Amino acid sequence: MPLPLDQVIASGQVWQGRTNADCQPEHSVLDTGFRRLNEALPGHGWQSGQVCEIYAHSGHGEVSLVLPALARLSQQPRWILWVGSPHSEGAKLLPQAAALQQAGVDIRRVLLVHPKDEQQAMWSLEEGLKSGHCSAVLGWPGQLNKPHIRRLQLACSRHQSYCWLWPRIPFDPSGSPAAVRLGIERRSPTELSVECYKRRGLWPGQPFTLTLPDTASGKTALPVHSLQTQ
Amino acid sequence: MTARWMYLLFPQLYLQQVISHQPDPEPLARQPVALILQHQQRHIWQCNRAAQAAGVEQDMPLNTAMSLCPALRLLPMDMQQQQQILHARAHWAGQFSAFVSPDPPHGLWLEIASMLRLFQGPDALLHQIQQAAADEGWPLQPGIGQTPLMARIRAHLNQPFVSDNRDLPLLTLAQLQQGLPLTPPQVYQLQRLGIQRLQDIQRLPLSGLASRLGVPFSQTIRRLLGMESHPLEAFHSEEMFQQQVNFIHEVEYSNGLLFPLQRLLKRLSEFLQRRQLSTRLLELQLSHRQQPDTDWQIRFAHSEHQHSQLVFMLRHFLENRRLSAPVQSLVLRVTQFTRRSRGQTNLLAPASGSYAGEDSTQETGQLLNRLSARLQPQQLLRLHTEPDPRPEQASRLMPHQEKSENIGTGALHPHTGPRPVWLLPEPRPCPRPQQIIAGPERICSGWWDEQSIRRDYYVCQQDGQILWLFRSPRGWFIHGVFA
C-alpha cells in the first residue's frame with residue numbers, strides 16, 4: 001500500500017523548496033537589518049559560511065546592504081578584511097572611515113588590503129577566510145573564475161565566516177559556486193530594487209524593493225536650498 | 001640503588017649534526033665524510049661509516065686518509081661551533097631535567113633523582129628520552145648511575161640501567177678506561193700492580209693508590225664509588241638563540257635554505273615555547289666564499305612563536321629574495337624577545353560565530369603576519385578618524401604597525417554631516433548637477449595648515465548613483481559615492 005504523501009513529508013524524506021527555514025544548524029544567521037531582505041534570504045538573514053555575490057554599479061547602495069551586518073560583526077574581536085575596492089572611471093575608491101563610523105561599524109576591526117593584482121586579491125581573500133580570525137571578508141574582485149569562487153566558498157564554510165563579494169564585472173548567467181547571488185539597482189535615493197539570482201535552498205525569487213535608512217540626507221536632515229538663491 | 005644521575009652520550013654528535021642540516025642529507029650519509037679540527041688540521045677527528053668502510057680511522061693522518069679514500073669530503077670544525085652544538089643539545093635536554101651539565105665533547109650529565117617522581121621511574125624516563133632522541137634522528141647512548149661517573153661508564157658501555165650494581169666490581173680495566181678519565185700510563189701501572197677489575201682496586205687502600213698513581217686517580221675512584229662529591233658545572237642557557245648550519249655543498253638557490261631552516265625554526269619554536277616568549281625579528285646571516293656575509297633581517301608585523309607560522313613567513317620571505325652568491329654556512333639568530341601577553345584562553349570557549357571573549361591579540365596578529373609576509377607594508381592599511389571638519393583629514397588610511405593601538409579610536413567632528421562610504425582619491429571636476437537631494441553642508445576650514453578649503457557639499461543623484469559633490473570657487477567636483 002503506498003504511503004500517504006503527508007507521512008513521507010512528515011518523516012523528513014522529501015526536501016521542499018518553499019520551506020524557508022531550511023538552514024543547517026551549524027550555520028549562524030545574522031540579521032540583515034532589512035525585513036524584506038531577511039524574508040528573501042534562506043535562513044532569514046545572512047548565513048555564515050556562504051559566499052554572497054552582489055552585482056551592482058557602484059553608487060547604487062550595494063554596500064549599505066551589509067552595513068548593519070558589519071556593525072554587528074565589528075563587535076567581535078576579529079578583523080573585517082576589505083580586499084580591493086571598486087573603481088570609478090579609472091580611479092580606485094577609498095573607504096571613508098567617517099561613513100563607517102556613522103553606520104556603527106567599529107573601525108578598529110577594519111583591515112584593508114590593496115592587492116597588486118587579481119592573484120594577490122584572491123590569495124588575500126582566501127587567507128582571510130582560512131585564518132578564522134576574520135568575522136567577515138569583503139572583496140571587490142576584478143575577475144571571477146569559478147574554481148576561485150569554489151575555493152572561497154569552501155574556505156568560508158569551513159571557518160564559518162561571512163564573505164561578500166562585489167564583482168567588478170557584469171553578471172555571469174552561466175552560474176557560480178557562490179551560495180547567494182544578488183543584483184542591486186537603485187530606484188530612488190532610499191529605495192533599492194533587489195533581485196535574487198541564486199539562493200541556496202530556494203528558487204530564485206522575484207525582484208523586490210527595499211527601503212534604506214535615510215543615510216544620504218542624514219539624521220541631521222539638512223535643508224535643501226535652491227541653487228538659484230546662491 | 002638509587003638512580004641519581006643520567007649521562008647522555010651522543011656518538012658522532014658533530015658529524016651527524018653537520019650531515020642532518022644539509023639540504024639533501026640522504027645521499028650524503030652514504031658518501032665518505034670526515035671532520036677535522038681547526039687547530040689540528042693534519043688528523044682526522046671523526047668520520048662516518050662510509051669512510052670507515054674505506055679504511056679511514058679516527059686520528060689518522062690526513063695524507064693517509066686521502067690516499068685510502070680519495071673521495072673523502074673534509075669539513076672543518078672549530079671550538080666555538082662544537083660548543084654551540086653541545087649547548088643546543090643541552091637546551092634540548094632541559095626538558096627532562098632542571099640540572100644539565102655539558103661534558104665536552106660528546107656528553108651531557110642530567111640530575112634525575114628529583115625528576116623520577118614526575119617521570120614515574122628511571123625506566124619510563126629512559127624510554128621517553130630515547131623516544132625523543134629517535135624522533136630527532138639522533139643516535140643516543142644513555143646511562144644511569146648513582147654517581148656521575150658511574151652513569152658515564154654505563155653510557156659508554158651502552159648498558160643504560162642495571163638496577164643492582166652487581167656487575168660493577170667486575171668491570172675490567174678496558175671497560176673502566178672508556179668511561180673514566182684514565183691515561184694510558186695509569187692503566188699500564190695498574191696492570192703492573194696486577195689489577196684487572198674494579199674489585200681489585202676496591203680491595204686496596206685508597207691512600208696507598210694515591211701515593212702510587214697520583215691524587216687525581218684516587219679522586220676519580222672516590223667519585224666513582226660515591227665516597228666524594230663530584231662537583232659539576234650547571235648549564236645556564238643564554239637568553240638568546242643562535243644556531244649555525246655549515247653546508248657541504250654550497251647552496252645556490254634561496255629555496256635550498258628552507259630545508260635546513262625548517263629544522264632551526266623547530267628548535268627556535270621549542271626554545272620560545274619553553275620560555276614563554278615570542279619574537280618579531282629573525283636575523284639570518286649567510287656567509288659566502290668570497291663576498292662579505294649577507295645579513296637579512298626578517299621582521300614580523302606581530303610577535304610569533306609557532307613553528308608552522310614561522311616557516312610560512314620564512315618561505316614567503318625567501319621567495320622574494322635572490323642569493324648574491326652561493327652560501328657556505330648560515331646562522332639563525334634571535335636576540336629580541338617579547339613576553340607572551342596572556343597564555344590563558346577561555347575554558348568555556350564560546351561557540352564559533354559568537355566571539356564574546358576578550359580581545360585575542362595573539363590570534364588576530366597571526367593573520368597580519370601571514371598577510372604582511374606576502375604584501376608590502378603600504379598595501380596593508382587601517383582606518384583612522386580625526387575630529388577635523390575636512391573630509392580628507394577626518395578619514396585617513398594608515399599603514400598597519402605594531403604600535404597602532406590607538407588607530408581607529410579617534411572621534412569625529414561633532415558637526416559631521418552624512419558621509420559616503422567611498423571617497424575619490426582626488427576630487428574630480430564635473431558639470432553642474434541636475435538633481436540635488438540634500439545640502440549644502442558648508443565646510444570652510446583648514447586656515448592653519450596651508451590646506452584650507454571652502455566647499456559647499458551636496459548629495460546629488462545622477463543616473464541612479466548617489467554622489468557626494470561640492471561646489472568651490474573653482475567649480476563643481478565629485479568627491480564621493482554613496483554605496
Side-chain angles (χ1 to χ4, degrees), chain A residues 28 48 57-64 67 76-79 81 85-86 88-89 91-103 106-116 120 123-124 127-128 131 133-135 159-160 185-186 189 215-222 224-225 227 230, chain B residues 351-360 363-364 366-368 370-371 374-376 378-385 391 394-397 400 407-409 412 416-426 428 432 436-441 456 459 461-462 464-467 478 480-483:
Chain A
S28 49
S48 66
H57 294 289
S58 63
H60 282 250
E62 72 279 5
V63 180
S64 319
L67 280 180
Q76 300 178 7
R78 296 197 287 171
W79 295 111
L81 189 69
S85 59
S88 163
E89 295 180 25
K92 244 185 210 171
L93 297 175
L94 304 172
Q96 191 175 201
L100 296 179
Q101 226 171 41
Q102 283 175 344
D106 186 348
I107 58 169
R108 283 175 301 167
R109 308 282 176 231
V110 177
L111 188 64
L112 306 171
V113 171
H114 283 182
K116 205 168 53 192
Q120 223 174 45
W123 178 82
S124 311
E127 202 58 45
S131 72
H133 302 151
C134 292
S135 56
H159 295 280
Q160 295 296 312
E185 206 176 349
R186 197 190 283 277
T215 49
S217 50
K219 294 157 203 145
T220 48
L222 298 167
V224 180
H225 297 273
L227 288 175
Q230 296 193 4
Chain B
S352 65
S354 59
Y355 278 71
E358 286 201 343
D359 199 337
S360 47
E363 297 237 310
T364 49
Q366 231 171 48
L367 175 70
L368 282 172
R370 289 176 81 93
L371 289 175
R374 183 147 164 191
L375 304 172
Q376 301 295 320
Q378 68 271 17
Q379 286 181 281
L380 205 58
L381 302 164
R382 302 275 303 272
L383 293 173
H384 186 61
T385 51
S395 304
R396 274 192 289 175
L397 300 181
H400 178 79
I407 278 193
T409 50
L412 284 177
T416 305
R419 292 283 179 266
V421 171
W422 300 113
L423 214 58
L424 265 72
E426 291 284 317
R428 188 193 310 144
R432 180 196 166 105
I436 290 177
I437 300 167
E441 179 190 350
D456 280 346
V459 181
Q461 187 167 15
Q462 270 182 14
Q465 281 188 316
I466 305 242
L467 300 174
I478 302 180
V481 179
F482 283 93

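For clarity, every value in this text was computed on a predicted model and none was experimentally measured. Below, chain A is the first sequence line, B the second, and so on; all start at residue 1.
- Chain B forms the most heavy-atom pairs under 4.5 Å with one residue out of A:Ala91, A:Pro115, A:Ser88, A:Pro86, and that residue is A:Pro86.
- Here B:Arg382 contributes atom CZ and A:Trp79 contributes atom CH2; the two are 4.0 Å apart, rounded to the nearest 0.5 Å.
- Options B:Pro391, B:Gly480, B:Pro420 differ in how many heavy-atom pairs under 4.5 Å they form with chain A, and the most are formed by B:Pro420.
- Remark: side-chain polar atoms of B:Gln465 are paired, donor with acceptor, to backbone N or O of A:Ser58 under 3.5 angstrom.
- Closest of all the heavy-atom pairs between A:Ala97 and B:Leu383 is CB-CB, 4.0 Å.
- Atom CG of B:Leu424 sits about 13.5 Å away from atom NZ of A:Lys92, to the nearest 0.5 Å.
- In this structure, chain A has heavy atoms under 4.5 Å from both the backbone and the side chain of B:Leu423.
- A:Leu93 is not listed as a side-chain neighbour of B:Val421, based on a closest heavy-atom distance of 4.5 Å or more.
- Rounded to the nearest 0.5 angstrom, B:Leu368 CG and A:His133 NE2 are separated by 10.5 Å.
- Between atom OG1 of residue B:Thr385 and atom CD1 of residue A:Ile107 there is a gap of 4.0 Å, rounded to the nearest 0.5 Å.
- Closest of all the heavy-atom pairs between A:Gly59 and B:Val481 is CA-CG1, 3.2 Å.
- For a residue to count as touching a neighbouring chain, one of its non-hydrogen atoms must lie under 4.5 Å from one of that chain's; by this rule B:Arg374 touches chain A with backbone and side chain alike.
- In this view, B:Gln378 and B:Gln376 satisfy the side chain to side chain contact (heavy atoms under 4.5 Å, CB included) rule, not counting sequence neighbours.
- When all heavy atoms are compared, the tightest approach of A:Pro189 to B:Ile466 is CA-CD1, 3.5 Å.
- Not a single donor-acceptor pair under 3.5 Å links the side chain of A:Gln96 to the backbone N or O of B:Arg419.
- Other residues, nucleotides and ligands contribute at most 12 non-hydrogen atoms within 6.0 Å of the NZ atom of A:Lys116.
- Contact annotation for A:Leu94: both backbone and side-chain heavy atoms come within less than 4.5 Å of a heavy atom of chain B.
- Contact of the B:Gln379 side chain with the A:Gln120 side chain is registered, since non-hydrogen atoms from C-beta on lie closer than 4.5 Å.
- Heavy-atom distances place both the backbone and the side chain of A:His60 under 4.5 Å from chain B.
- Under a 3.5 Å cut-off, the side chain of B:Ser395 and the backbone N or O of A:Ala98 do form a donor-acceptor pair.
- When every heavy atom of B:Leu397 is checked against every heavy atom of A:Pro95, the shortest pair comes out as CD2-O, 4.2 Å.
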